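Structure first, then comments.
Atoms within a ligand are numbered from 1 in the order they appear, just like the ligands themselves. Just so we're clear, the structure is a prediction, and the values are computed from it rather than from any experiment. Excluded from the calculations below are hydrogen atoms, water molecules and symmetry mates; all remaining heavy atoms, backbone and side chain alike, are included.
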Amino acid sequence: MVVAERYGEGHRILLTGGAGFVGSHLADALIARGARVVVIDNFLTGSKDNVAHLREHPRFTLIEADVTEPLPAHEALAARFDAIMHFASPASPTDFASLPVEILRVGSVATLQLLERAVADGARFIQASTSEAYGDPLVHPQPETYWGNVNPIGIRSVYDEAKRFSEAAVMGYHRGRGADVGIVRIFNTYGERMRPDDGRAIPTFISQALRGEPITVHGTGTQTRSITYVSDLVRGILLLLDSTDTGPVNCGTEHEMTMLELAESIVRLSDSTSRVALVARTADDPERRRPDLTKARELLGYEPVVGPEEGLARTIAYFRGR
Ligand code: NAD
């Protein structure tokens with residue numbers, strides 16, 4: 001399946017969360033395609049620094065605003081958008097504890113408001129969902145047809161359920177209001193512009209390795225994740241944008257590794273003297289995670305190309321430079 005590039009030159013794209021890790025890379029890719037990109041971000045977990053290089057670009061606008069509030073009066077928001085991409089949301093496990101209400105609101109109130117705007121504009125709406133929608137999965141690897149295993153009142157539920165609500169809202173607006181929508185279920189993604197202190201495993205391990213501190217692996221370290229380098233994710237998201245499919249579609253890699261293997265790779269690739277220290281496991285932490293990519297391949301022709309060695313080496317170089 002080859003998906004033709006539909007969104008690029010001459011198109012106006014509204015991107016929420018565009019000053020975050022994934023959003024800023026998406027903004028770069030959309031600008032490179034010739035699109036006009038309007039980012040709304042309140043810098044809750046992102047930073048102006050992530051898009052500082054785009055500040056003077058004639059096709060880029062950054063608006064500081066909270067997307068759970070009505071959109072502000074701003075000339076860049078007046079004209080219709082061709083696509084709206086909702087990527088705003090804190091996404092790290094530490095955020096689940098410190099920003100529960102913010103996460104619930106950005107996944108519910110903001111999603112509904114942005115869907116209304118998408119219907120009014122006749123814009124394609126892309127929702128950033130997550131592998132967390134599968135919770136602690138009882139099916140492995142996870143196909144999109146699996147409904148998940150989520151504890152609705154657990155510590156992670158504010159994030160998991162907000163994203164599940166977003167997915168329901170997106171499909172509700174699609175069926176009830178004719179919205180043109182696409183849902184991407186993103187698996188653990190890493191790369192440049194992650195915050196070193198954001199609580200996710202890869203930036204934490206790299207920061208610890210570069211400081212020569214113990215690498216704090218949760219539990220026994222046998223739990224697995226499939227890690228995706230950000231350029232592979234961005235390509236998958238753009239394929240979904242260009243398609244006419246609703247999804248949901250998984251985006252990630254099938255290369256599954258244990259947390260111990262991940263920690264050891266990072267120590268080796270960063271020439272660190274750090275040793276692994278096992279610490280208490282957080283509640284409801286999923287045991288295994290790996291996307292079934294059949295649908296992404298068949299629907300979008302998606303194929304990840306950056307392996308963990310290469311992606312981790314680039315990310316380590318970025319953190320070292322900071
Ligand atoms: P991030 O925290 O770096 O980016 C999120 C951005 O959203 C930040 O810039 C933040 O300031 C902004 N934001 C949050 N609430 C906002 C609000 N109310 N108004 C305006 N802006 C707001 O996280 P990320 O890893 O880049 O994640 C981006 C999206 O991808 C999120 O929706 C996340 O749930 C999803 N996702 C990411 C991963 C991953 O591995 N990185 C995995 C699954 C899903």
Side-chain angles (χ1 to χ4, degrees), residues 14-28 38-52 62-72 77 84-96 98-114 126-134 142 156 158-167 170 183-203 225-234 236-237 240 247-253 286 289 291 311 315:
L14 177 61
L15 172 61
T16 75
F21 159 53
V22 173
S24 62
H25 287 278
L26 254 181
D28 284 341
V38 179
V39 161
I40 304 187
D41 202 299
N42 64 354
F43 311 126
L44 183 61
T45 54
S47 163
K48 271 186 190 137
D49 295 346
N50 288 337
V51 285
L62 175 61
I63 300 171
E64 180 172 357
D66 181 340
V67 285
T68 67
E69 302 295 332
L71 294 186
L77 295 172
I84 297 178
M85 307 182 75
H86 186 24
F87 279 71
S89 175
S92 130
T94 51
D95 300 333
F96 305 167
S98 59
L99 300 168
V101 176
E102 289 81 354
I103 291 172
L104 285 168
R105 284 179 56 80
V106 82
S108 56
V109 179
T111 306
L112 293 176
Q113 282 183 175
L114 292 160
I126 298 295
Q127 173 65 44
S129 186
T130 169
S131 57
E132 297 282 341
Y134 299 120
Q142 294 82 53
R156 309 173 81 91
V158 288
Y159 184 68
D160 300 6
E161 298 290 16
K163 290 292 187 183
R164 288 167 68 99
F165 175 85
S166 282
E167 289 199 13
V170 164
I183 299 168
V184 55
R185 290 194 182 140
I186 302 170
F187 282 67
N188 292 59
T189 302
Y190 69 98
E192 296 87 335
R193 303 185 195 147
M194 291 187 98
R195 282 178 294 145
D197 58 348
D198 87 350
R200 292 186 260 196
I202 291 177
R225 296 293 182 272
S226 312
I227 60 169
T228 309
Y229 184 63
V230 66
S231 60
D232 278 334
L233 173 69
V234 165
I237 294 167
L240 179 66
V249 63
N250 288 336
C251 202
T253 60
R289 267 297 164 63
T315 311

Quick one: look up the protein heavy atom nearest [atom] and list residue, atom name and how far away it is.
| atom | value |
| --- | --- |
| atom 19 (N) of ligand 1 | V67 N, 3.0 Å |
| atom 26 (O) of ligand 1 | V22 N, 2.8 Å |
| atom 32 (O) of ligand 1 | K163 NZ, 2.8 Å |
| atom 40 (O) of ligand 1 | T189 N, 2.8 Å |
| atom 10 (C) of ligand 1 | T45 OG1, 3.2 Å |
| atom 24 (P) of ligand 1 | R200 NH2, 3.9 Å |
| atom 11 (O) of ligand 1 | D41 OD1, 2.6 Å |

Close approach, [X] and ligand 1, non-hydrogen under 4.0 angstrom:
| X | value |
| --- | --- |
| A19 | yes |
| H86 | no |
| N188 | yes |

Of the choices [options], which has the non-hydrogen atom that lies closest to [atom]?
| atom | options | result |
| --- | --- | --- |
| atom 5 (C) of ligand 1 | S89, S129, C251, A133 | S89 |
| atom 38 (C) of ligand 1 | L233, I103, I186, I63 | I186 |
| atom 29 (C) of ligand 1 | Y159, F187, F87, Y190 | F87 |

*Ionic contact status for K163 with E132, cut-off 4.0 Å*: no

*Any ion pair linking R164 and E161 (charged N to carboxylate O, less than 4.0 Å)?*
yes

Would you check the N or O atoms of [X], main chain and side chain alike, for any that come under 3.5 Å of an N or O of ligand 1?
| X | result |
| --- | --- |
| V106 | no |
| G23 | no |
| A91 | no |
| R195 | no |
| F21 | yes |

*R193 pairs by side-chain hydrogen bond (donor to acceptor under 3.5 Å, both in side chains) with which of D49, D28, N50?*
D28

*Counting distance only, does the side-chain N/O of S166 pair as donor-acceptor with the main-chain N or O of G107 below 3.5 Å?*
yes

_Donor-acceptor contact below 3.5 Å, side chain D232 vs main chain Y229_ = no

*asked:* Applying a heavy-atom cut-off of 4.0 Å, say which part of A65 lies close to ligand 1: side chain, backbone, both or neither.
replied: backbone

*asked:* By the definition side chain to side chain contact (heavy atoms under 4.5 Å, CB included), identify the one residue from L99, L104, D95, V101 that meets it with V158.
replied: L104

*With sequence neighbours excluded, tell me which residues meet ring pair (Phe, Tyr, Trp, His ring centres under 6.0 Å) with F87.*
none

